[in-house]
Student: 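Right, I'll just put the structure down here and ask away after.
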Amino acid sequence: QVQLVESGGGLVQAGGSLRLSCATSGRTSSPNAMGWFRQAPGKEREFVATINWSGGSTSYTESVKGRFTISRDNAKNTVYLQMNNLKPEDTAVYYCASKEGPLVSTKLPAYRYWGQGTQVTVSS
């Protein structure tokens, strides 16, 4: 069983920055890719960013490209999401997720384990 715990959310003004962290515990059956998703009120959960096991391959949804950076420290079992130049439309609950296998995926069903989420609110 794998447990994921997100932290780092909060309230920030537009143009500000936050760094989310996702601490993982337990053991997956193989090296795993990780992802960040978000869900705004009244909307479906959507893909934000993903990173492969080695950290050498990443992918982002178009709306965050150039502003968000996903990274991981496998020695610390932690994945990060650095969010810069935040906009009010980035307001959502952000979820960390772990998938089986080392390759990235933008698809929500590919992820097996999920954290409880952390709230990010961007004021205008």
Student: Considering residues at least two apart in sequence or located in another chain, which fulfil the salt bridge (charged side-chain N to carboxylate O under 4.0 Å, His left out) criterion with R19?
Tutor: none

Student: For T61, which residues count as a side-chain hydrogen bond (donor to acceptor under 3.5 Å, both in side chains) partner, sequence neighbours excluded?
Tutor: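 Applying side-chain hydrogen bond (donor to acceptor under 3.5 Å, both in side chains) to T61 gives none.
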
Student: Side-chain heavy atoms under 4.5 Å apart, restricted to Ile/Leu/Val/Met/Phe/Trp/Tyr: what other residues fall into the cluster of L108, or is it alone?
Tutor: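 Via sub-4.5 Å side-chain contacts, L108 links to F37, F47, V93, Y95, Y111, W114.
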
Student: Please list, one pair per line, the donor and acceptor atoms closer than 3.5 Å that link side chains of residues 116-124 to other protein atoms, with sequence neighbours excluded.
Tutor:
| residue | atom | partner | partner atom | Å |
| --- | --- | --- | --- | --- |
| Q116 | NE2 | E6 | OE1 | 3.4 |
| T118 | OG1 | G9 | N | 3.3 |
| Q119 | NE2 | A92 | O | 3.4 |
| Q119 | NE2 | T121 | OG1 | 3.3 |

Student: Sequence neighbours excluded, which residues qualify as side-chain hydrogen bond (donor to acceptor under 3.5 Å, both in side chains) partners of D90?
Tutor: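 D90 satisfies side-chain hydrogen bond (donor to acceptor under 3.5 Å, both in side chains) with R38, R67 once adjacent residues are dropped.
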
Student: With clusters built from Ile, Leu, Val, Met, Phe, Trp and Tyr whose side-chain heavy atoms come within less than 4.5 Å, directly or transitively, what are the remaining members of the cluster of V104, listed by chain and number?
Tutor: none

Student: When you measure from the side chain of N52 to the backbone of G56, do you find a donor-acceptor pair of N or O atoms at a distance under 3.5 Å?
Tutor: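 It does hold such a pair.
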
Student: Could you pull out all residues at least two apart from R72 that satisfy salt bridge (charged side-chain N to carboxylate O under 4.0 Å, His left out)?
Tutor: none

Student: What residues form a salt bridge (charged side-chain N to carboxylate O under 4.0 Å, His left out) with E89, not counting sequence neighbours?
Tutor: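 Residues passing salt bridge (charged side-chain N to carboxylate O under 4.0 Å, His left out) with E89: none at all.
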
Student: Listed by chain and number, what are the salt bridge (charged side-chain N to carboxylate O under 4.0 Å, His left out) partners of K65, not counting sequence neighbours?
Tutor: E62

Student: So does M34 get a backbone contact from the side chain of T50, meaning a donor-acceptor N/O pair under 3.5 Å?
Tutor: yes

Student: Give a yes or no on whether the backbone of L103 and the side-chain of K99 come within a donor-acceptor separation of less than 3.5 Å.
Tutor: yes

Student: Identify, with sequence neighbours excluded, every residue that meets side-chain hydrogen bond (donor to acceptor under 3.5 Å, both in side chains) alongside S17.
Tutor: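 For S17 the side-chain hydrogen bond (donor to acceptor under 3.5 Å, both in side chains) partners, ignoring immediate neighbours, are N84.
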
Student: Roughly how far, to the nearest 0.5 Å, is the CG atom of L20 from the OG1 atom of T78?
Tutor: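 The distance works out to 12.5 Å.
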
Student: What pairs of residues pass the disulfide bond (SG atoms under 2.5 Å apart) test when at least one of them lies in residues 84-122, not counting sequence neighbours?
Tutor: C22-C96

Student: Taking the side chain as every heavy atom from C-beta outward, state whether Y94 and M83 have any pair of such atoms under 4.5 Å apart.
Tutor: yes

Student: Taking only residues two or more places apart in sequence or in another chain, which ones pass side-chain contact (heavy atoms from CB on, under 4.5 Å) with E44?
Tutor: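 For E44 there are no side-chain contact (heavy atoms from CB on, under 4.5 Å) partners, ignoring immediate neighbours.
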
